[in-house]
2 protein chains.
Amino acid sequence: MDYNQFKHCGLNVALGILSGKWKAIILYHLFHQESMRFTELWRIIPKVTKKVLLEHLKQMEHQGLLIRSEVNTFPPEVYYKLSDKGKALAPALSALEVWANEYAREEVDLLKSK
Amino acid sequence: MDYNQFKHCGLNVALGILSGKWKAIILYHLFHQESMRFTELWRIIPKVTKKVLLEHLKQMEHQGLLIRSEVNTFPPEVYYKLSDKGKALAPALSALEVWANEYAREEVDLLKSK
DNA sequence: CAGTATCCGACCGGATACTG
DNA sequence: CAGTATCCGGTCGGATACTG
């Protein structure tokens, strides 16, 4: 196995971008649904507050992972979807998922049961 | 691309395990060197304090990513190396690295220059 | 050398109420 | 509906000094 494949700089950046309590679940839903409204995300993610969800979405938007678009009506409609940069995370995220299911089964099952 | 490959539970667990300011760089060095002494790690990682480095190493040991072994002499010698569980992270970590270099070049270069 | 004990500030996530 | 304004407690990383 060639361990020279990764260096810590890029890894640090990637992990930094993915850090945040709700990032995984946000990405998960947007990978499965392609465009969701704010309230839709809010209701589907248990127990996150609007403020925190908004902060996460803003960060991810500024980092170019998400694209935010609003329909200018009243009441407003705002949609979030993955950008190409966000979609490109798929292989890495699924590799992490595979690893967790293979090597951290207990923690995963514990989390599922909650 | 099949986005059903990953679910958020495993992803959450994996990201949780990898969260911590110095995790990336610790893993990086241990992937490249197979067994390092505490002080060796401490000197090679810029600006981390002993306490924090120790906390990170302890966590990673408890999560089964690292194996700690001590030679009972005075002064003590303690070695850290990757376990199989830790080594199995390689594909996922290098996928993250690849993504960062491809899609987050600016941040990576910025980090490198520091 | 490796590890522990204190103390501290900054940041992060959360609760609640309010607004265009 | 989507977003903002405050306030708050806990956790995380860091500085420093000490110990087996």
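Side-chain atoms are counted along with the backbone in the values below, which use heavy atoms only and exclude waters and symmetry mates. To find a chain, count down the sequence lines: A is the first, B the second, and so on, and within it residues start at 1.
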Whole angstroms only, please: what is the [atom1]-[atom2] distance between [X] and [N]?
X	N	atom1	atom2	answer
A:Glu55	C:dC12	CD	C1'	8 Å
A:Glu77	D:dC1	CD	P	11 Å
B:Leu53	C:dC1	CG	C1'	13 Å
B:Gln59	D:dT11	CD	P	13 Å
B:Glu61	C:dG3	CD	C1'	13 Å
A:Ile25	C:dG13	CD1	C1'	15 Å
A:Phe74	C:dG20	CZ	C1'	6 Å
A:Lys23	C:dG13	NZ	C1'	12 Å

Base, sugar-phosphate alone, or nothing: which one does [X] contact when heavy atoms must sit under 4.0 Å apart?
X	answer
B:Tyr80	sugar-phosphate
B:Trp42	nothing
B:Lys50	base
B:Val78	sugar-phosphate
B:Arg68	sugar-phosphate

If you check the [X] side chain, which of [options] turns out closest?
X	options	answer
B:Arg37	D:dA5, C:dC1, D:dG14	C:dC1
B:Thr49	C:dG14, D:dG13, D:dA15	D:dA15
B:Val52	D:dG3, C:dG13, D:dG14	D:dG14
A:Pro76	C:dG20, D:dG13, D:dG3	C:dG20

Under 3.5 Å: donor-acceptor pair, side chain of A:Glu97, backbone of A:Ser94: no

Presence of salt bridge, A:Glu70 and A:Arg68, under 4.0 angstrom: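 Here A:Arg68 pairs with A:Glu70 in a salt bridge, since their nearest N and O are under 4.0 Å apart.
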
Tell me whether the OP1 or OP2 atom of [N] has a side-chain N or O from [X] closer than 4.0 Å.
X	N	answer
B:Lys58	C:dT4	yes
B:Lys21	D:dG14	yes
A:Trp22	C:dC12	no

A:Tyr28 and A:His32 aromatic ring geometry - parallel, tilted or perpendicular at 30°/60° bounds: tilted

Gap separating the CG atom of A:Asn12 from the CG atom of B:Leu96, nearest 0.5 angstrom: 11.0 Å

G-U wobble or Watson-Crick pairing nucleotide for D:dG10 (cut-off 3.5 Å, both distances): C:dC11

Residue matched to D:dA15 through Watson-Crick or wobble contacts both under 3.5 angstrom: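 Partner of D:dA15: C:dT6.
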
Most 5' of A:Lys47 and A:Pro75 on DNA chain C, judged by nearest nucleotide: A:Lys47

Audit row: A:Lys81, A:Gln33, side chain to side chain donor-acceptor pair (under 3.5 Å) steps and yes/no: CA-CA 8 Å; A:Lys81 63 173 188 177; A:Gln33 189 157 334; over 6 Å; no

Check: A:Glu107/B:Gln63 side-chain N/O donor and acceptor closer than 3.5 Å: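 Judged by distance alone, the side chains do not pair up.
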
